[in-house]
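See below for the structure under consideration.
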Amino acid sequence: MSGLVIFGTRPEAIKLAPVIAGLRTAGSAVNFEVVCTGQHAEIMTQTLKAFDIEIDENLYLMQPNQTPIEVVRRTIEGLSMRFDELSLDWVLVQGDTATAFAGAEFGYLSGAAVMHLEAGLRTHDINEPWPEEGFRQEIARLATLHLAPYPSARRNLIDEGINAENIHVIGNSGLDSQQLMLRRADEGDNNWLPDDDFILVTLHRRENLGERLEKTCQQLVSLLSEYPGLRIFWPIHPNPKVRRVAYQFFGALTDRVTLCEPLDYPKFLSAQKAAVFVVSDSGGVQEEAASMGTRVAIVREKTERPDAVELGLTRIVGADAALLSETVADFLANPVEPQIVEKWCSLQGNGEAGSKAAAVIVEHIEGIRLSVGAPE
Ligand code: UDP
């Protein structure tokens with residue numbers, strides 16, 4: 001029985017790392033190759049290094065200004081050119097990227113079982129986040145095993161008619177990675193962080209580029225005047241459309257704003273932990289910062305992680321200046337209660353998702369083996 005674990009971006013590598021480790025511990029019982037499509041290039045190298053993930057095949061697909069269509073086309077082409085002679089039994093994909101979608105399509109069309117890690121996250125709006133909501137809904141149609149991070153994700157899948165027997169709530173493997181890397185980060189020194197209290201900013205989503213990004217930067221400028229004791233710390237995504245706007249608004253404000261290159265994962269975790277609060281449109285950051293008790297103002301109209309919102313750890317502000325200002329005032333006036341953070345971590349499986357996912361995957365592979373009558 002042979003399989004592929006396919007990923008291409010930083011968040012996929014972070015969330016698959018504990019599962020790959022779990023599958024490797026399962027030994028020769030699970031025969032698989034780790035394939036990186038290279039959808040992200042430079043920020044991926046940092047992440048692979050942080051986790052010591054050894055990849056068997058890198059398709060080096062990234063090109064400047066690539067569109068989702070190009071990534072999907074090149075990923076399917078690249079995978080089929082490299083793996084068409086392999087008799088493939090299963091593929092594992094994570095999340096909602098173009099790589100995950102193309103990997104699932106490739107697996108399905110190769111006759112392999114498709115397994116989906118981080119299944120069931122939904123905003124129920126295929127335009128937000130675009131194209132990720134569409135990708136994850138499509139992957140759910142093809143998958144035979146759905147590894148859901150929290151009970152609410154399981155409910156979403158059931159509502160879409162997915163057979164409950166094929167859904168397993170294993171927790172969020174991102175929390176496993178986070179805990180491992182935080183221990184490492186805490187051992188190092190943090191004297192590279194800003195000395196002042198700071199707002200951590202990360203913005204990169206496609207639907208926020210252009211006018212919405214400029215509006216948000218304008219709001220951040222207003223926050224700086226409203227709170228003279230706060231500085232902005234923004235490790236900027238490599239997308240040139242983000243960089244141009246960030247430098248246009250903040251390049252000259254060096255006394256109040258620190259702009260830098262993306263941080264490696266352990267350092268970025270330290271920054272989330274140290275921040276007074278975070279302003280972000282990232283999915284993973286909503287989970288991570290909240291797991292460390294740092295609140296997040298979400299610069300999106302909808303989120304697929306409503307549990308953290310219900311717990312009061314994150315709040316949607318969209319592009320609404322008044323709402324951001326009100327949210328920040330509330331974040332600063334009301335410290336996070338430790339039991340709320342514990343509840344959020346417990347909803348995410350307390351850092352034990354990787355081994356649980358690996359155990360369920362091994363069982364699923366065994367089921368496939370028995371159904372096709374393959375030798376052990
Ligand atoms: N991240 C990082 N360095 C940075 C910014 C983000 O390591 O400078 C990590 C972050 O900790 C999280 C992941 O990248 O685990 C989030 O990725 P991104 O925001 O690109 O994607 P999303 O989570 O929205 O899919």
Side-chain angles (χ1 to χ4, degrees), residues 7-18 39-51 53 62 68 71 93-101 117-118 121-123 128-136 139 149 172-182 184-185 192-193 198 200-209 213 232-239 241-243 246 258-275 278-292 294 296 298-300 302-305 308 314 348 351 353:
F7 63 87
T9 66
R10 175 176 62 192
E12 290 167 87
I14 290 170
K15 289 184 172 173
L16 278 166
Q39 182 180 338
H40 281 175
E42 61 270 51
I43 54 177
M44 180 58 119
T45 316
Q46 277 178 345
T47 314
L48 293 175
K49 215 166 123 207
F51 283 100
I53 300 178
M62 181 167 172
V71 178
V93 296
Q94 192 282 333
D96 50 21
T97 64
T99 289
F101 172 69
L117 180 68
E118 200 185 54
L121 296 192
R122 295 289 183 270
T123 58
E128 175 122 8
W130 181 91
E132 287 81 3
E133 176 75 9
F135 283 157
R136 57 195 175 214
I139 297 170
N172 171 18
S173 54
L175 186 59
D176 306 27
S177 292
Q178 176 173 344
Q179 291 176 345
L180 176 74
M181 290 296 150
L182 254 189
R184 199 181 287 177
W192 52 272
L193 281 167
F198 66 89
L200 179 68
V201 175
T202 81
L203 296 163
H204 73 286
R205 297 222 55 82
R206 267 190 204 88
E207 59 274 21
N208 274 344
L209 298 181
L213 183 59
I232 282 176
F233 181 44
W234 185 353
I236 314 174
H237 195 272
N239 187 334
K241 290 182 184 157
V242 180
R243 298 194 154 227
T258 306
L259 301 178
C260 67
E261 291 302 306
L263 298 172
D264 69 28
Y265 179 58
K267 279 191 166 169
F268 190 70
L269 290 173
S270 299
Q272 291 180 76
K273 192 174 169 187
V278 179
V279 175
S280 178
D281 57 9
S282 161
V285 171
Q286 292 171 49
E287 295 169 341
E288 286 168 3
S291 303
M292 294 183 274
T294 305
V296 183
I298 309 169
V299 186
R300 288 168 46 174
K302 293 182 179 139
T303 177
E304 57 293 277
R305 289 154 173 102
T314 62
Q348 297 177 90

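Because the structure is a prediction, the values reported are computed rather than measured. We count ligands from 1, going down the list as the structure has it; atoms in each ligand are counted the same way.
Residue contacts with ligand 1: Q272 is included, with a non-hydrogen atom under 4.0 Å away. At a 4.0 Å cut-off, at least one heavy atom of I14 sits close enough to ligand 1 to count as contact. Between H204 and ligand 1 there is a heavy-atom distance shorter than 4.0 Å. For the pair Q286 and ligand 1, no heavy-atom separation below 4.0 Å is found.
Ion pair R243/E261 flagged as a salt bridge, since at least one NZ, NE, NH1 or NH2 atom sits closer than 4.0 Å to an Asp/Glu carboxylate oxygen. Using a 4.0 Å cut-off between charged side-chain N and carboxylate O, E287 and K15 make a salt bridge.
Closest to atom 21 (O) of ligand 1 among all protein heavy atoms lies P11 CG, 3.5 Å. Counting protein heavy atoms only, atom 19 (O) of ligand 1 is closest to S282 OG, 2.7 Å. For atom 8 (O) of ligand 1, the closest non-hydrogen atom on the protein side is L263 N, 2.9 Å. Y265 CA, 3.4 Å is the protein heavy atom nearest to atom 7 (O) of ligand 1. Protein heavy atom closest to atom 22 (P) of ligand 1, with residue, atom name and distance, is G283 N, 3.6 Å. What sits closest to atom 20 (O) of ligand 1 on the protein, heavy atoms only, is R10 NH2, 3.3 Å.
For the atom pair CG of L209 and CG of D281, the computed distance is 8.5 Å after rounding to the nearest 0.5 Å.
Checking side-chain atoms of R305 against main-chain N and O of T314 turns up no donor-acceptor pair under 3.5 Å. Without hydrogens or angle criteria, E132 side chain to D96 main chain gives no donor-acceptor distance under 3.5 Å. Between the side chain of N208 and the backbone N or O of L203 there is no donor-acceptor pair closer than 3.5 Å. Within the 3.5 Å criterion, the main-chain N or O of P18 finds no donor-acceptor partner in the side chain of S173.
The distance from ligand 1 to the heavy atoms of R205 drops below 4.0 Å at these ligand atoms: 24 (O). Of all atoms in ligand 1, listed by their number and element, those nearer than 4.0 Å to a heavy atom of G284 are 22 (P), 23 (O). Counting atoms of ligand 1 from 1 in the listed order, those under 4.0 Å from a heavy atom of P262 are 8 (O).
Counting heavy atoms under 4.0 Å from ligand 1, residue E132 does not touch it at all. Under 4.0 angstrom from ligand 1, the non-hydrogen atoms of E288 all belong to its side chain.
Between the side chains of T99 and Q39, a donor-acceptor pair is found at a separation under 3.5 Å. In this structure, a donor-acceptor pair under 3.5 Å is absent between the side chains of Q94 and E12. Residues T123 and E133 have side chains that bring a donor and an acceptor to within less than 3.5 angstrom of each other.
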